[in-house]
**Student:** 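Sharing a structure, written as structure tokens. Questions coming.
Everything numeric in this text was worked out from a predicted model, so none of it was measured. Numbering of ligands and ligand atoms starts at 1, following listing order.
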Amino acid sequence: MTPLSDGLGIRIRGLTKTYDGGDPAHPALQSVDLDIGVRRFVSLIGPSGCGKSTLLRVIAGLEDHDSGEVSLFGSTPSALCAAKGVGLVPQTPALLPWQTVRRNIVLPRRVNRRAGADGEDPDDLLRAVGLSDVAHRYPHELSGGQRQRVAIARAFGLRPRLLLMDEPFSALDEFTREALRLQLLGLWQRRATTVVFVTHSVREAVTLSDEVVVMSARPGRVHEVLPIDLPRPRDAEVVTGPRMHALEDRVRASLQSAWESGAAPDDLVRL
Ligand SMILES: Nc1ncnc2c1ncn2[C@@H]1O[C@H](COP(=O)(O)OP(=O)(O)OP(=O)(O)O)[C@@H](O)[C@H]1O
């Protein structure tokens, strides 16, 4: 399992989840064991339907599970959520359409402050995601990439101990994705946040992560946890170097064997 230099953030043991009406012979998740260290950046990757989003939702306390244990920093998911310790960035950002970019970032922070939690300076966050110039605009006046930046800045602004990101860049073009990856890493590196990031992109998973968790389908399981021993920061030299390419090949090989262990033939199309 993962070497845990800063202690254990997420500890999952024997997690099994079947949806109501789902086939009990093929749970969405079966006997998932996973350890994620504090302040680690970990990606989940695997064939469509292998349970990545389900795992994220169980960790977020949004789905219950049939059996097994999920511990977040020694608490239950619902306790950590109640303490505002968990942030979630979905595929499509849910912004308040009648509020400006700045207000979208400030508002949840104010609500949180009333709940006793601390937040970050919105101007620092706007700068970190390159949105200072459009802080006065409304969500409908932004590009998809800019909207996702607002969602990411807002999530970090609440200073969550754990940030869960479900394919946040999947609707964006590759050039925008590259830029957002760098901004995301910049935000993460200066903070004490543990990130779990779902993606279908091997390159994205390797570029961002300390570990890549490869999942297999039918039933959803952890197939392999691959350490990504690339130096940080992940600058242009690092992400174009031979070690990067070797790690991408390693993740692809693991996905191939995950697929052979249970996925359907068209599952790897998007890889
Ligand atoms: N609300 C639901 N009700 C019933 N079954 C569900 C529900 N959500 C997901 N499933 C099923 O659970 C399994 C895992 O789905 P999940 O969305 O977690 O997979 P995923 O790996 O995130 O897929 P993708 O990569 O396509 O987004 C799939 O078989 C899916 O059909």
**Student:** Return yes or no for this condition: an N or O of D20 is under 3.5 Å from an N or O of ligand 1.
**Tutor:** no

**Student:** Ring of F73, cation from R161 - is the NZ or CZ under 6.0 Å from the centre and inside 45° of the axis?
**Tutor:** yes

**Student:** For the residue pair H65 and T16, confirm or rule out a side-chain donor-acceptor distance under 3.5 Å.
**Tutor:** no

**Student:** Do W188 and F41 make the cut of ring centroids closer than 6.0 angstrom?
**Tutor:** yes

**Student:** For a quick test of reading the model, state the closest non-hydrogen atom pair linking R154 to N104 and the distance between them.
**Tutor:** CD-O, 3.1 Å

**Student:** Can you find a non-hydrogen atom of G49 under 4.0 Å from ligand 1?
**Tutor:** yes

**Student:** Are there over 12 heavy-atom neighbours, none belonging to D133, within less than 6.0 Å of that residue's CG?
**Tutor:** no

**Student:** Are any of the heavy atoms in R57 under 4.0 Å away from ligand 1?
**Tutor:** no

**Student:** Does E167 have a heavy atom less than 4.0 Å from any atom of ligand 1?
**Tutor:** yes

**Student:** Would you indicate whether the side-chain heavy atoms of L15 and L34 approach each other to under 4.5 Å?
**Tutor:** no

**Student:** Report yes or no: does G46 have a heavy atom closer than 4.0 Å to ligand 1?
**Tutor:** no

**Student:** Going by the rule side chain to side chain contact (heavy atoms under 4.5 Å, CB included), which residues pair with D235 if we only count those two or more places apart in sequence or in a different chain?
**Tutor:** E237, V238

**Student:** If you count the atoms of ligand 1 from 1 in the order shown, which ones are under 4.0 Å from a heavy atom of T54?
**Tutor:** 14 (C), 15 (O), 16 (P), 18 (O)

**Student:** Considering the heavy atoms of A28, write down every atom of ligand 1 situated less than 4.0 Å from one of them.
**Tutor:** 12 (O), 13 (C)

**Student:** Using a 4.0 Å heavy-atom cut-off, say whether M215 meets ligand 1 through its side chain, its backbone, both or neither.
**Tutor:** neither

**Student:** Give the atom numbers and elements of ligand 1 that come within less than 4.0 Å of a heavy atom of C50.
**Tutor:** 19 (O), 21 (O)

